[in-house]
Amino acid sequence: MNYALLVLASPFSGTGSLTAARFAEAALGRGHHIARVFFLDQGVGAGMATAVSPQGEADPVARWADLAARHDLELVLCVSSALKRGLLDDTEAARYEREAHTVHPAFEIGGLGLLVEATAQADRVVTFGGSA
Amino acid sequence: MSAPSVLLVTRHAPYGASLARSALDAALAAAAFDRPPTLLFLGDGVLQLLPGQDASGIGTRSHRRVLDSLPLYGIDTLYVDSQALAGHDLTAADLPPGARPVDDAAIRALLAGHDHILGF
């Protein structure tokens, strides 16, 4: 089965982002394919390289990065959600003249078209929802 | 193979969080790629449809104005949870032109009748 994941849940509040990472791990472990994980809205926090988790608590950024490294998983942060939250890669940091790049290298920044494309190509799309 | 049908479900009020706006952004992006999704407003999501929204005081754009631009992108029909409308004391007169109130059975049919569901 070919999956696409949409992660709206913040990695810093609740369990949605962690559940998404666990789902991805389980699906890949059973031989399924994950075309793309698209992070939107508060979900983009998963790519924040500068986040520091308290000792004894899960480190969601490291978990996603580790998953991507082991399975060659494509992790995409929605560009507009990312920029307004201070999540910048080298290109965006240069474009907007900010001093730091803050996106973990396991993630890339991309437009919503990548969600549209992944949705069109996947057998299943699973949303890990946000809360207001 | 034809493109899979997509139902986008939006369940949150317009200004308390950015989630409702993100749902519309996703819908507009899909429409811009010639894959307009079906939109379903559930629960507090029906508050997004209120007329006369003035968001200037909170430094953001009117959600209703974004909604009103949807027909330009080929999204003409907005399915709206009729029970939630009644719960918020809203009537059809408050809603945008393309809004169509639906009961629970019709909501079930929408959920069952699409290939993919994106839940905001």
Side-chain angles (χ1 to χ4, degrees), chain A residues 1-17 19-20 23 34-47 76-87 109-132, chain B residues 1-48 58-61 63 66 70 73-75 84 88 111-120:
Chain A
M1 192 79 81
N2 187 20
Y3 286 93
L5 307 188
L6 170 61
V7 181
L8 302 169
S10 167
F12 310 126
S13 176
T15 54
S17 189
T19 303
F23 177 90
I34 295 180
R36 182 171 290 148
V37 184
F38 195 86
F39 298 85
L40 176 61
D41 203 70
Q42 296 194 60
V44 296
V76 180
L77 308 178
C78 169
V79 60
S80 60
S81 297
L83 288 180
K84 70 178 182 181
R85 290 173 175 83
L87 280 149
I109 289 179
L112 277 162
L114 293 174
L115 171 64
V116 178
E117 183 188 74
T119 303
Q121 291 171 358
D123 300 312
R124 295 276 189 278
V125 182
V126 186
T127 309
F128 295 86
S131 53
Chain B
M1 200 182 87
S2 65
S5 57
V6 176
L7 178 69
L8 196 154
V9 182
T10 176
R11 297 179 292 119
H12 289 94
Y15 301 109
S18 51
L19 205 51
R21 184 52 204 274
S22 289
L24 285 193
D25 287 345
L28 288 167
F33 284 90
D34 285 329
R35 300 183 186 281
T38 307
L39 255 60
L40 172 62
F41 295 79
L42 289 185
D44 286 349
V46 303
L47 295 170
Q48 297 175 37
I58 53 171
T60 187
R61 280 186 285 173
H63 196 79
V66 182
L70 291 174
Y73 295 87
I75 302 175
H88 287 291
L111 292 169
H114 287 78
D115 296 310
H116 295 319
I117 297 172
L118 302 183
F120 286 80

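Below, chains carry the letters A, B, ... as their sequence lines are ordered, and counting in each starts from 1. Since the model is a prediction, treat every value here as computed from it, not as a measurement.
- Partners of Asp25(B) under the salt bridge (charged side-chain N to carboxylate O under 4.0 Å, His left out) rule, at least two apart in sequence or in another chain, are Arg21(B).
- Once rounded to the nearest 0.5 Å, the distance linking CD1 of Ile117(B) with CG of Leu6(A) reads 13.0 Å.
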Could you pull out all donor-acceptor pairs under 3.5 Å where a side-chain atom in residues 115-122 of chain A meets a protein atom, sequence neighbours excluded?
unit_1    : atom_1 : unit_2    : atom_2 : d
Glu117(A) : OE1    : Arg36(A)  : NH1    : 3.0
Glu117(A) : OE1    : Arg36(A)  : NH2    : 3.1
Thr119(A) : OG1    : Leu115(A) : O      : 2.7

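- The closest donor-acceptor contact from the side chain of Thr127(A) to the backbone of Gly119(B) lies under 3.5 Å.
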Could you walk me through whether Phe120(B) and Asp41(A) pass the side-chain contact (heavy atoms from CB on, under 4.5 Å) check?
CA-CA 10 Å; Phe120(B) 286 80; Asp41(A) 203 70; over 6 Å; no
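- Counting all heavy atoms, side chain and backbone alike, Asp123(A) lies closest to His116(B) at O-CE1, 3.3 Å.
- The environment of OH in Tyr73(B) is sparse: at most 12 heavy-atom neighbours from other residues, nucleotides or ligands sit within 6.0 Å.
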Full working for side-chain contact (heavy atoms from CB on, under 4.5 Å) between Gln42(A) and Ser22(B):
CA-CA 10 Å; Gln42(A) 296 194 60; Ser22(B) 289; over 6 Å; no
